[in-house]
Number of protein chains: 2
Amino acid sequence: MPLPEVSQFIPHIAYDSVVFGFSKGKLKILLMEYHDTGWFALPGGFVERSENLEDAVKRGLNERTGLKEIYLEQFHTFGDTSRYRPEVMRRILEANGHLIPENYWMLDRFFSIAYYALIDYEKVTLMPDALSDSIAWYEIDKLPDLILDHGKIVQKALQTLRENLDRKLIGGNLLPERFTMNELQAVYEAILGQKLRRTSFQRKMLSLDILDRHEKLFTGKSHKAPYLYSFKTH
Amino acid sequence: MPLPEVSQFIPHIAYDSVVFGFSKGKLKILLMEYHDTGWFALPGGFVERSENLEDAVKRGLNERTGLKEIYLEQFHTFGDTSRYRPEVMRRILEANGHLIPENYWMLDRFFSIAYYALIDYEKVTLMPDALSDSIAWYEIDKLPDLILDHGKIVQKALQTLRENLDRKLIGGNLLPERFTMNELQAVYEAILGQKLRRTSFQRKMLSLDILDRHEKLFTGKSHKAPYLYSFKTH
DNA sequence: TTCTATTGTTTCAATATGAGACAATATTAA
DNA sequence: TTAATATTGTCTCATATTGAAACAATAGAA
């Protein structure tokens, strides 16, 4: 695969995405591991010359997860000069066997527009890109070191997600269509990083009038079966 | 004044700032009017090759207002292809008597990183830039039509300001060091676009333990004199 | 001295939240 | 068949917060 040409993309502009998923009671994000470097990074990419910014992000996420409809939110643009570390991208490209031209555009200073995405963990089919060995889930509190300022980007994403959780009622995007109240509470607890009172949480969620109640879920466990809920589509 | 050269700036990247001020009970923002076009726009600019993004915004605001310390918050980056309207910038530059080179960088597609600023109206000395006839205050609900998507940028700024008002307790940045409770309430009402209950507002503000109470303000009016308050510096 | 307008405080009702009790129930064990 | 267990959904009551209004204080004018 040849090196991307600057004629196709807007120089100096990139996006990075913090893709949140929820599984086994843990909040997780997607990380790429680059060939032969041991380096981890957020899934990101560039914007084509005639492409809307948000379409570029969706395109990139679709290529890596197979998902078409994704809950996406822009949260910050990172533009410090300290991000300019051409030797990092050089090493990544060289580790892929590329010969890098003089003044190659991908080694320039980049501004990164960061988005977070909330997706249903079970619906994802992970596909690495050309530069990466792998793309995989990592627990949010067991992340490896990340290149450049990607660690800071993750922290800012998590902070914004926490602030938006109640205001935008977005927790459900991390669950399948139908879920139990207990599962929803576990999502909230994982995002906020703290336990919530079961009865208060249930009362609050029901009083918001955003949930539909469906049939009971019989798990085979020896106790009362919980109802399944879904978010109202209105 | 010669045309800026691309060697000095990062191409494709601009910032726009929504500068809020408060005067005579009204929330206002700064707008530039370009020479001989009748066009209004937000104060904005470009980022120098070795300059931090936020430093560029502060530099631009300092050049136009004379202020050094400014409460500044990034709120969104606008990157739709519909922003690409080279004829707009062409007309602005030509109205200033410039001869525009082939493929001139300022006519390219730009991503704009938008910030809002909150400043003390009284402390500002307005200075237009080279392309503008004027820079002046406009009431937020009596704005003229703005170029490109600047109207949308203002709306998003206002929305973000409203959401952040209570969470970040930033209203005081629009007032002088010392102010009455009534003035603070007027700021909140102007931002939120709705009346607030005087007694609830006072109780709330005092209970937050963020204000210092100082001497009374004697205005000469025939009624009880209000106290002056200031925000705790902590 | 009285009156007026506005400020700071208090009161009481209405609403929301914290903490826990209680009843219902799906399955297992006796 | 019955009792035990774990978990769910609901209810209760104490506490905190907010809405709405009354009340007291006071700077200047009449």
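None of these values were measured; they are calculated from a predicted model. So that the names make sense, note that chain A is the first sequence line, chain B the second, and so on, each numbered from 1.
Rounded to an integer number of Å, the gap from CD of B/E183 to C1' of C/dT6 is 14 Å. A straight line from CZ of B/R198 to P of D/dT18 spans 18 Å, rounded to a whole angstrom. The distance between atom CG of B/L184 and atom P of C/dG8, rounded to the nearest whole Å, is 12 Å. Rounded to an integer number of Å, the gap from B/Q194 CD to D/dG19 P is 10 Å. Atom pair A/Q202:CD and D/dC11:P shows a separation of 11 Å (rounding to whole Å applied). The distance between atom CZ of B/F201 and atom P of D/dT18, rounded to the nearest whole Å, is 13 Å.
Look at A/N182 and you won't find any side-chain N or O under 4.0 angstrom from OP1 or OP2 of D/dT7. Note on A/Y227: every side-chain N or O is 4.0 Å or more away from OP1 and OP2 of C/dT25.
Near DNA chain D, defined here as any heavy-atom distance below 4.0 Å, the residues from residues 203-223 of chain B are B/R203, B/K204, B/K216, B/F218, B/G220, B/K221, B/S222, B/H223, listed numerically.
Not less than 6.0 angstrom separates the ring centroid of B/F22 from the ring centroid of B/Y188.
Comparing A/S200 and A/A225 against DNA chain C, the residue whose closest nucleotide sits nearer the 5' end is A/S200.
Judged by distance alone with a 3.5 Å cut-off, a donor-acceptor contact links the side chain of A/T199 to the base of C/dG20.
The line from CG of A/D141 to CG of A/L158 is 9.5 Å long, rounded to the nearest 0.5 Å.
Looking only at atom types and distance, the side chain of B/E163 has a donor-acceptor partner in the side chain of B/Q159 under 3.5 Å away. A donor-acceptor contact closer than 3.5 angstrom is absent between the side chains of B/N62 and B/R59.
Ion pairing of A/K123 with A/D120 is present here, as a side-chain N (NZ or NE/NH1/NH2) and a carboxylate O approach within less than 4.0 Å.
Partner A/F46 forms a ring pair (Phe, Tyr, Trp, His ring centres under 6.0 Å) with one of A/F111, A/F110, A/Y15 and no other, that one being A/F110. Only one option out of B/V19, B/I135, B/V154, B/L143 pairs with B/L31 in a side-chain contact (heavy atoms from CB on, under 4.5 Å); it is B/L143.
Taking the side chain of B/R197 as heavy atoms from C-beta on, and the options C/dT7, D/dG9, D/dG19, the nearest nucleotide is D/dG19.
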